[in-house]
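What follows is a short report on a single structure.
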Amino acid sequence: MVTYIKESLEELKNNVTWLERSKASNLMVIVAVFSILFALATWGVDSLFSNLITLYFEKLIG
């Protein structure tokens, strides 16, 4: 197990191509923006369905 961890760390240091810091930061911002937009869209659809179900049951019961 220790050998596996050592070899994994060695591979990360020598064989992996890392992005430049500025490019990685730009991509992180893009991912954060799209995550927020997707969360807002999900919240909006959830609120809409919640209101529709509430109206349906109010008309069904009332």
Side-chain angles (χ1 to χ4, degrees):
M1 185 68 170
V2 173
T3 304
Y4 173 76
I5 293 172
K6 285 181 182 179
E7 288 175 357
S8 297
L9 291 173
E10 187 68 28
E11 185 171 345
L12 282 173
K13 289 178 187 175
N14 297 323
N15 299 335
V16 175
T17 304
W18 297 98
L19 292 175
E20 297 172 2
R21 189 177 189 94
S22 61
K23 199 177 243 188
S25 295
N26 288 342
L27 291 174
M28 183 189 68
V29 168
I30 291 170
V31 168
V33 167
F34 278 103
S35 295
I36 291 168
L37 290 174
F38 186 73
L40 289 172
T42 303
W43 171 76
V45 170
D46 182 55
S47 296
L48 176 68
F49 282 137
S50 178
N51 289 336
L52 288 174
I53 289 172
T54 302
L55 285 172
Y56 175 76
F57 281 111
E58 284 177 354
K59 288 191 182 228
L60 185 70
I61 295 172

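For this chain, numbers begin at 1 and follow the sequence in order. These numbers were taken from a predicted model, which means no experiment stands behind them. Excluded from the calculations below are hydrogen atoms, water molecules and symmetry mates; all remaining heavy atoms, backbone and side chain alike, are included.
T54 contributes a side-chain N or O that, together with a main-chain N or O of S50, makes up a donor-acceptor pair within less than 3.5 Å.
For the side chain to side chain contact (heavy atoms under 4.5 Å, CB included) test, residues two or more places apart in sequence or in another chain that qualify with V29 are V33. Applying the side chain to side chain donor-acceptor pair (under 3.5 Å) test to N14 and every residue at least two apart in sequence or in another chain returns E10.
No path of Ile, Leu, Val, Met, Phe, Trp and Tyr side chains, each step under 4.5 Å between heavy atoms, connects V31 with M28, placing them in separate hydrophobic clusters.
Across V45, L52, N51, a single residue satisfies side-chain contact (heavy atoms from CB on, under 4.5 Å) together with L48, and that is L52.
A distance of 5.5 Å separates CG in L12 from CH2 in W18, rounded to the nearest 0.5 Å. The line from OG of S35 to CG of L40 is 11.0 Å long, rounded to the nearest 0.5 Å.
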